[in-house]
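Excluded from the calculations below are hydrogen atoms, water molecules and symmetry mates; all remaining heavy atoms, backbone and side chain alike, are included.
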Amino acid sequence: MTDRDVLIIGGGPSGVAAGLELRRQGVTRVTLLDREPTLGGATRHCLHSPFGMREFGRVYIGAAYGRRLDREAAAAGLDVRTGHSVVSLGEEGVVTVTSARGVETLSARRVLVTTGAREMPRAARLLPGDRPVGILTTGALQAFVAFHGLMPFRRPLIVGSELVTQSAVLTCLTHGARPVAVVEAGPQALVRAPLGLFPGLMGIPFWRNTHITDIRGGSRVEAVTLLRDGQPVTVACDGVLLTGSFTPESALLLPTAQGVDPGTGGPAVDQSGRGRNPLYFAAGNVLRAVETGGWAFREGRAVGAALAADLRAGDPVAGPVIPVTHDDPVKLVMPSLLRRDSGMAAFRDFQVRFRHPASGVLSLEVDGREVWRRSGHWMPERRVLIPIPGVALMAERVHVRFR
């Protein structure tokens, strides 16, 4: 006999939203685990707005948004256990957890993984040079500022041009630091216009086609050598701030039979958010990196509704899966599985991302027949939505083609 109906791992926007929806639909025994002392996930670090407009009808800064999630979870009667880290997932809905109380096992009829995503650190980016103090990700910077009142540098070089880069620039400017430049390896900003103009509007140079070739420093960063449009340039700075290049926090799934999808970097799920193991669901940025807090909240709510319907149906859906394949330069398609008898759908569209800029025709083929197509210039890290047609659920092969 299981201890509870649903065990949610992760207390960010998607995890809390799923818990609220489960309780709204009458699922009583819902436990939410988070390793941090309070709920909110990465939003707790963000000392800027906007958060919460569509969820709660008002604008919050990130920290206040996290507190609102905390209050909503308490009001809904969720069994919230902070300071709890999950260290392993069993195949039968049994998880191993560590906390100040020691090691324990918890079981549930269904498990929902909402562990979010993280930015790539220096090691994963293979950046050359010395290893002085002052090389951080945006998340680490915002934790220094939000939780300790510390700004670790005054003249950092910022790497990246995603939406989170704008957050990094704002954090620096509002807490006494002025970046020397923002650099992007590609030919243009990854964030959509007009946000790509933001660094320049703030008086910060934005250099495209620029790569780091060396980081120099003793006790801390002193200078960075860049290859800018093929020419070496040395810039004096006291820190390097690495933004974007998010990867799902999916390490818990690596040793399991469910595994990790090579395209998304997160668990492979079907249109209901259900994984290969039908006892496990996933929602939010663990599925693919990376969406906004508001998107993650809405996605968590949708998967929570599908999960509630799955519980009402009784036995978990365990039918065969239809893999969704794709051509390069498509980086990922999510969901990457389809099930014929999946129950309520959480995802009405495939979410597609590209590896690099590309121009051409993107299409969806079901058993070799084209059912959707669109021509365009496709940019990396920008969401493309393709409606999931009903015929795909009865197919043998579903393929996202690019030519």
What's the separation between atom [atom1] in [X] and atom [atom2] in [Y], rounded to the nearest 0.5 Å?
| X | Y | atom1 | atom2 | answer |
| --- | --- | --- | --- | --- |
| Ser342 | Arg274 | OG | CZ | 4.0 Å |
| Arg35 | Ile9 | CZ | CD1 | 12.0 Å |
| Leu22 | Leu78 | CG | CG | 8.5 Å |
| Leu173 | Phe198 | CG | CZ | 6.5 Å |
| Asp261 | Leu337 | CG | CG | 7.5 Å |
| Leu242 | Thr165 | CG | OG1 | 10.5 Å |

Check [X] against [Y] and note the closest heavy-atom contact, atom names and distance.
| X | Y | result |
| --- | --- | --- |
| Cys172 | Leu241 | SG-CD2, 4.0 Å |
| Ala282 | Val269 | CB-CG1, 4.1 Å |
| Val164 | Gly244 | CG1-N, 3.3 Å |
| Gly293 | Pro13 | O-CB, 3.5 Å |

Full working for side chain to side chain contact (heavy atoms under 4.5 Å, CB included) between Val330 and Leu332: CA-CA 6 Å; Val330 172; Leu332 65 88; 5.9 Å; no
With sequence neighbours left out, write down each residue that passes side-chain contact (heavy atoms from CB on, under 4.5 Å) with [X], or none if nothing qualifies.
| X | value |
| --- | --- |
| Asp70 | Thr38, Leu39 |
| Ala143 | His45, Phe147 |
| His84 | Leu33, Arg81, Val97, Ser99, Arg101, Glu104 |
| Ala306 | Ser272, Met344, Ala346 |

Determine, for [X] against [Y], whether the closest basic-nitrogen to carboxylate-oxygen distance falls under 4.0 angstrom.
| X | Y | result |
| --- | --- | --- |
| Arg369 | Glu365 | no |
| Arg288 | Glu299 | yes |
| Glu72 | Arg24 | no |
| Asp5 | Arg109 | yes |
| Arg216 | Glu222 | no |
| Glu291 | Arg353 | yes |
| Glu184 | Arg208 | no |
| Glu55 | Arg301 | no |

Look at atom [atom1] of [X] and say whether more than 12 heavy atoms of other residues, nucleotides or ligands are closer to it than 6.0 Å.
| X | atom1 | result |
| --- | --- | --- |
| Arg374 | CZ | no |
| Asp341 | CG | no |
| Arg276 | CZ | no |
| Arg125 | CZ | yes |

Note, [X] side chain near [Y] side chain (heavy atom, < 4.5 Å):
| X | Y | answer |
| --- | --- | --- |
| Ser14 | Arg298 | no |
| Asp270 | Ile322 | no |
| Asp310 | Phe281 | yes |
| Val366 | Trp372 | no |
| Val6 | Leu311 | yes |
| Arg122 | Ile215 | yes |

Phe354/Phe402 aromatic ring centres below 6.0 Å: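 Yes - the distance between ring centres of Phe354 and Phe402 falls below the 6.0 Å cut-off.
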Ring centres under 6.0 angstrom apart (Phe51, Phe297):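 When the ring centroids of Phe51 and Phe297 are compared, they turn out to be at least 6.0 Å apart.
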[Y] and [X] side chains, donor-acceptor separation under 3.5 Å:
| X | Y | answer |
| --- | --- | --- |
| Thr31 | Asp79 | yes |
| Asp34 | Thr82 | no |
| Gln271 | Arg348 | no |
| Gln188 | Ser161 | no |

For Glu370, all residues meeting side chain to side chain donor-acceptor pair (under 3.5 Å), sequence neighbours excluded: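 For Glu370 the side chain to side chain donor-acceptor pair (under 3.5 Å) partners, ignoring immediate neighbours, are Arg373, Arg403.
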Counterpart residues, side chain to side chain donor-acceptor pair (under 3.5 Å), relative to Arg397 (two or more places apart):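 Partners of Arg397 under the side chain to side chain donor-acceptor pair (under 3.5 Å) test: none.
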Test salt bridge (charged side-chain N to carboxylate O under 4.0 Å, His left out) applied to Arg110 and Glu92, step by step: CA-CA 9 Å; Arg110 303 289 187 274; Glu92 300 300 323; over 6 Å; no
Audit row: Thr114, Leu112, side chain to side chain contact (heavy atoms under 4.5 Å, CB included) steps and yes/no: CA-CA 6 Å; Thr114 61; Leu112 174 60; 3.7 Å; yes
Relative to [Y], does [X] satisfy both conditions: NZ or CZ under 6.0 angstrom from the six-membered ring centre, and within 45 degrees of the ring's axis?
| X | Y | value |
| --- | --- | --- |
| Arg58 | Tyr60 | yes |
| Arg220 | Phe153 | no |
| Arg355 | Trp378 | no |

